[in-house]
Amino acid sequence: MPELPEVEHVARQLRADLVGRRIVRASVFWPRSVSGMTPDAFEQALGGRLVKEVGRRGKYLLVTLDNGQVLVVHRRMSGNLIFADAQDGALYVRVAFALDDGRYLLYSDPRKFGRLMLVPSENLADIFTHLGPEPLDEAFTPAVLAKRLAGGKRSIKATLLDQSVIAGVGNIYADEALYAAQIHPLRPADSLDADEINRLHAAIQSVLEKGIEHGGTTFGRYRDAYNEAGGNFDHLVVYQKTGQPCPRCGTPIERITVAQRGTHYCPHCQRLPEETSSPSPYPARRGAAGETFR
DNA sequence: CTATAAACCTGCTGGC
DNA sequence: TGCCAGCAGGTTTATA
């Protein structure tokens, strides 16, 4: 479920509302939601801890505690962290944290794929060795992206989903970024020219920033810390929009499978070299999508 | 390296 | 209405 924007949105909410709170008690209801230690040890280690700060790395949420330990949360496909007034204040609660103000922070996860772990802050770097750069950092420049894509034989879509190439991009924002940059998802990563890499770099940052701005993308079960859906779905152009007209040219959005993932794109605006000359029955409709032109 | 499939899990949707 | 196939925001591991 959550990609970088969804994790970042919740991280900001927790930074404002969880920092300074004390975890009175932790309760694990699904043992496999905790990794790296027994549920008992996890509950013992968290009980009584004060929350010092909240951060994010890629799709990982980081809650730093007053004993130098960091609660690391990866929500995978269906996990949510939700404030509630009761321990059973949400469905599918796998772990509950009772807070010192009477509320609960609930880890809800219907599919049980997500994982919580407790890591000493000095060991944090060790568990993130597989992660590539943060796409919204200033250090992430077009040159960095170019270097990361160089020599890559895989499709650009599969490459963007690889967390060791860029941290935090998932299926929604990969499709949206490739659409915005007008690059076909099956293009080999090392076949992009400098202009395409520049466009892709700008597109990645822009779709992620827009996602954060709108509180993340909800088309299924993603909810933020206050159990609210994100508003970004209405701002998506291709993801889960199969059959709907491309706002740029009117061609219906198509869905294919790339790297075992549903992949959405405009066959007219995002073409493979072999089909650059194939005509589209849909005439360009400049200005049709709210673009300004005179 | 790359590519593919399977595994981990449950729920929802669409077609018949 | 009911059942079944297919699909879902992710990652890891095994196999070719």
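So you know, we letter chains A, B, ... as the sequences are listed, proteins then strands, and number each from 1.
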Participant: Students often get this wrong, so: under 4.0 angstrom with heavy atoms, is A:G114 touching a base, only sugar-phosphate, or nothing?
Facilitator: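 No contact.
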Participant: Work out how far the P atom of B:dC8 is from that of C:dC4, and round it to whole angstrom.
Facilitator: 22 Å
Participant: Quick one: pull up OG1 in A:T263 and CD in A:Q270 and give me the separation to the nearest 0.5 Å.
Facilitator: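 Interatomic distance, A:T263 OG1 to A:Q270 CD, rounded to 0.5 Å: 10.5 Å.
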Participant: Starting from A:F128, walk the hydrophobic network (Ile, Leu, Val, Met, Phe, Trp, Tyr; side-chain heavy atoms closer than 4.5 Å) and list everyone else you reach, by chain and number.
Facilitator: A:Y60, A:L62, A:V70, A:V72, A:M117, A:V119, A:L124, A:I127, A:L131
Participant: So, is A:Y239 near the phosphate of C:dG9, with a side-chain N or O under 4.0 Å from OP1 or OP2?
Facilitator: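 So the side chain of A:Y239 is within the cut-off, an N or O lying under 4.0 Å from OP1 or OP2 of C:dG9.
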Participant: Any side-chain N or O of A:H74 less than 4.0 Å from the OP1 or OP2 oxygen of C:dT11?
Facilitator: yes
Participant: Taking all atoms of both residues into account, what is the closest heavy-atom pair of A:K59 and A:L4, and its distance?
Facilitator: CG-N, 4.2 Å
Participant: Could you pull out every donor-acceptor pair under 3.5 Å between side chains of residues 200-207 of chain A and any protein atom, sequence neighbours left out?
Facilitator:
residue, atom, partner, partner atom, Å
A:H201, NE2, A:F140, O, 2.8
A:Q205, NE2, A:P135, O, 2.8

Participant: Can you name the atoms? Protein N/O to nucleotides 7-10 of chain B N/O, anything below 3.5 Å, with the distance.
Facilitator:
residue, atom, partner, partner atom, Å
B:dC9, OP1, A:R32, NE, 3.3
B:dC9, OP1, A:R32, NH1, 3.0
B:dC9, O4', A:R111, O, 3.4
B:dC9, O2, A:R111, NE, 2.9
B:dC9, N3, A:R111, NH2, 3.4
B:dT10, OP1, A:K112, NZ, 2.6

Participant: Base, sugar-phosphate alone, or nothing: which one does A:G170 contact when heavy atoms must sit under 4.0 Å apart?
Facilitator: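 The residue A:G170 makes sugar-phosphate contact but no base contact.
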Participant: Rounding to a whole Å, what distance do you find between A:L149:CG and B:dT2:P?
Facilitator: 12 Å
Participant: Atom CZ of A:R223 to atom C1' of C:dA8: distance rounded to whole Å?
Facilitator: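 Taking CZ of A:R223 and C1' of C:dA8, I get 14 Å after rounding.
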Participant: Enumerate all atom pairs, one protein N or O and one N or O from nucleotides 13-16 of chain C, separated by less than 3.5 Å.
Facilitator:
none

Participant: Kindly say if A:R255 contacts the phosphate of C:dA8, meaning a side-chain N or O under 4.0 Å from OP1 or OP2.
Facilitator: yes
Participant: Whole-Å distance between C:dG10 P and A:D109 CG?
Facilitator: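 Distance, rounded to whole Å: 13 Å.
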Participant: Counting Watson-Crick and G-U wobble pairs whose two distances are both under 3.5 Å, find the runs of 3 or more in a row that involve DNA chain B.
Facilitator: B:2-8 with C:10-16, B:10-16 with C:2-8
Participant: Using atom P of each nucleotide, how far apart are C:dT13 and B:dC9 to the nearest Å?
Facilitator: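 Approximately 14 Å lies between the P atom of C:dT13 and that of B:dC9.
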Participant: Residues of residues 151-160 of chain A with any non-hydrogen atom less than 4.0 angstrom from an atom of DNA chain C: list those, numerically ordered, please.
Facilitator: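 Going residue by residue through residues 151-160 of chain A, none turns out to have a heavy atom under 4.0 Å of DNA chain C.
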Participant: Would you check if there is a donor-acceptor pair between the side chains of A:H9 and A:R12 at a distance under 3.5 Å?
Facilitator: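 There is no such pair (donor and acceptor under 3.5 Å, judged by atom type) between the side chains of A:R12 and A:H9.
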Participant: Enumerate the residue pairs fulfilling side-chain hydrogen bond (donor to acceptor under 3.5 Å, both in side chains) with a member in residues 31-54 of chain A, sequence neighbours excluded, ordered by first and then second residue.
Facilitator: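 Residue pairs with at least one partner in residues 31-54 of chain A: A:R49-A:D66.
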Participant: Can A:F219 be called stacked on C:dG9 when the rule is centres closer than 5.5 Å and an angle between planes below 30°?
Facilitator: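 Stacked: centres under 5.5 Å apart, planes under 30°.
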Participant: Using links of under 4.5 Å between side-chain heavy atoms of ILVMFWY residues, direct or through other members, which residues join A:Y92 in one cluster?
Facilitator: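 Members besides A:Y92, by chain and number: A:L91.
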Participant: Less than 4.0 angstrom from a charged side-chain N to a carboxylate O is my criterion; do A:D109 and A:R75 meet it?
Facilitator: no
Participant: Does a nitrogen or oxygen in the side chain of A:K59 sit under 4.0 Å from OP1 or OP2 of C:dG10?
Facilitator: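 Yes, within the criterion.
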Participant: Distance between the P atoms of C:dG9 and B:dG14, in whole angstroms?
Facilitator: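 So the two P atoms sit 16 Å from each other.
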Participant: Distance check needed: C:dG10 P versus A:E6 CD, whole Å only.
Facilitator: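 Rounded to the whole Å, the gap is 9 Å.
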Participant: Got a sec, which pairs hit side-chain hydrogen bond (donor to acceptor under 3.5 Å, both in side chains) with one end in residues 119-129 of chain A, sequence neighbours left out?
Facilitator: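 Of all non-adjacent pairs touching residues 119-129 of chain A, none passes side-chain hydrogen bond (donor to acceptor under 3.5 Å, both in side chains).
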Participant: Please list, one pair per line, the donor and acceptor atoms closer than 3.5 Å that link side chains of residues 172-182 of chain A to other protein atoms, with sequence neighbours excluded.
Facilitator:
residue, atom, partner, partner atom, Å
A:Y173, OH, A:E6, OE2, 2.7
A:Y173, OH, A:T217, OG1, 2.8
A:D175, OD1, A:K157, NZ, 2.8
A:D175, OD2, A:H264, N, 2.8
A:D175, OD2, A:H264, ND1, 2.9
A:E176, OE1, A:V237, N, 2.9
A:E176, OE2, A:V237, N, 3.2
A:E176, OE2, A:V238, N, 2.9
A:E176, OE2, A:Y239, N, 2.8

Participant: Using 0.5 Å steps for rounding, measure from the CG atom of A:L61 to the CG atom of A:L14.
Facilitator: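 So the CG of A:L61 and the CG of A:L14 are separated by 6.0 Å.
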Participant: Looking at A:F83, I'd like to know if the NZ or CZ of A:R103 sits under 6.0 Å from its six-membered ring centre while staying within 45 degrees of the ring's axis.
Facilitator: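 Satisfied, under 6.0 Å and within 45°.
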Participant: Specify the separation, in whole Å, of atom CG of A:L4 and atom C1' of C:dG10.
Facilitator: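 So the CG-C1' distance, A:L4 to C:dG10, works out to 14 Å.
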Participant: Decide whether A:N80 and A:Y107 meet the rule of one side-chain donor and one side-chain acceptor closer than 3.5 Å.
Facilitator: no
Participant: For A:E134, check side-chain hydrogen bond (donor to acceptor under 3.5 Å, both in side chains) against everything at least two apart and list the hits.
Facilitator: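 A:E134 satisfies side-chain hydrogen bond (donor to acceptor under 3.5 Å, both in side chains) with A:R56, A:R57 once adjacent residues are dropped.
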Participant: Within the side chain of A:R221, is there an N or O that forms a donor-acceptor pair under 3.5 Å with the backbone of A:T218?
Facilitator: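 No: the side chain of A:R221 does not pair with the backbone of A:T218.
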Participant: Is A:V10 reachable from A:L18 through a run of I, L, V, M, F, W or Y residues, each pair having side-chain heavy atoms under 4.5 Å apart?
Facilitator: yes
Participant: Listing time: all N or O pairs from protein to nucleotides 4-6 of chain B that are below 3.5 Å?
Facilitator:
residue, atom, partner, partner atom, Å
B:dA5, N7, A:Q260, NE2, 3.4

Participant: Measure the distance from NE2 on A:H214 to P on C:dG9 and round it to the nearest whole Å.
Facilitator: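 Going from A:H214 (NE2) to C:dG9 (P), I get 21 Å.
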Participant: Rounding to an integer number of Å, can you tell me how far A:D175 CG sits from C:dC7 P?
Facilitator: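 In whole Å, C:dC7 P lies 15 Å from A:D175 CG.
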Participant: Take the protein atom CD of A:Q240 and the nucleotide atom C1' of B:dG14, then report the distance between them rounded to whole Å.
Facilitator: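 Checked: the CD to C1' distance equals 13 Å.
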Participant: Side chains of A:P5 and A:N232: does their closest heavy-atom pair fall under 4.5 Å?
Facilitator: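 A side-chain contact under 4.5 Å is absent here.
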